[in-house]
Amino acid sequence: LAAQVGHDPSRSPFRDITTRQSLALTGGSFFGNRAVAGVGAQPGPMFGVRLRTALSGPIDLMVSSSYVQSKRNVIDASKPESTRVSGPNDYNLFITDIAIGLTLTGRKTWHGLAPYVAMGAGFVVPTHAVIDPGGYKAGSGFTLVPTVGVRARVSRSLMLQFEARDNTIRYEW
């Protein structure tokens, strides 16, 4: 007994993550980026769905789709300065991406927490494409999605997830 290392299993801070796949409803805030010209997407609520599946050991595959209720301004440089900006106008977005995640505690939680990092790629698509008089094209864009988060174990088959992700997109005008 003196040669044993670690914790008695009944008092261990580690618990196995027993689910291999999960489907989750997501919600949060999209912070937006108005860009230098002030015509980009503004902050708004975001709702979606995510499928997570364990690939091997601590590696997960995550596929996400979200809908963002955003707004944006339109600038018409041919009008006088006092009336050239109109808006904010509705500018709803559909975001979809696929990511590879690494759970830092392996296939276990530590005191009920499972922190992770992920990197993904996908697309951000406006629900209706718009081209401003000023030349800003509000079309679809490729996005890189670096992510950090933590899953909190509520029960054997239920976990809450909190994360921060950055949908990096490029504006053109």
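Values reported hereafter were calculated over all heavy atoms of this structure, with side chains retained and with hydrogens, waters and symmetry mates removed.
- R72 places a side-chain N or O within 3.5 Å of a backbone atom of V39 that can act as its donor or acceptor partner.
- Side chain to side chain, Y91 and Q69 fail the donor-acceptor criterion of an N or O pair below 3.5 Å.
- Exactly one residue among L102, T105, T147 makes a side-chain contact (heavy atoms from CB on, under 4.5 Å) with Y116. That residue is T147.
- Closest non-hydrogen pair, G57 versus R107, comes out as O-CD, 2.5 Å.
- The closest side-chain donor-acceptor pair between T18 and D16, if any, does not fall under 3.5 angstrom.
- In this structure, a donor-acceptor pair under 3.5 Å is absent between the side chains of T143 and T168.
- Under the 3.5 Å distance criterion, the side-chain polar atoms of R165 are left unmatched by any main-chain donor or acceptor of P146.
- Under the 3.5 Å distance criterion, the side-chain polar atoms of S86 are left unmatched by any main-chain donor or acceptor of N73.
- Interatomic distance, CG of D60 versus CD1 of I100, reported as 8.5 Å (0.5 Å rounding).
- Checking side-chain atoms of S70 against main-chain N and O of A41 turns up no donor-acceptor pair under 3.5 Å.
- Panel note: side chain S12, backbone F14; a donor-acceptor pair is recorded below 3.5 Å.
- For the pair M46 and S66, the tightest heavy-atom approach, listed with the atom from each and the gap, is CG-CB, 3.8 Å.
- For the pair Q42 and P88, the tightest heavy-atom approach, listed with the atom from each and the gap, is OE1-CB, 3.8 Å.
- Between P45 and F30, every side-chain heavy-atom pair lies at or beyond the 4.5 Å cut-off.
- The side-chain heavy atoms of F31 and N33, taken from C-beta on, include no pair separated by under 4.5 Å.
- When all heavy atoms are compared, the tightest approach of T109 to M159 is CG2-CE, 3.7 Å.
- For the atom pair CZ of F142 and CG of D97, the computed distance is 10.0 Å after rounding to the nearest 0.5 Å.
- Between L93 and T127, the closest heavy-atom pair is N-CG2, 4.4 Å.
- Summarising the geometry of R52 relative to M62, their closest heavy-atom pair is NH2-SD, 3.2 Å, with the distance given to 0.1 Å.
- A cation-pi contact, defined as under 6.0 Å to the ring centre and within 45° of the axis, is absent between R151 and F162.
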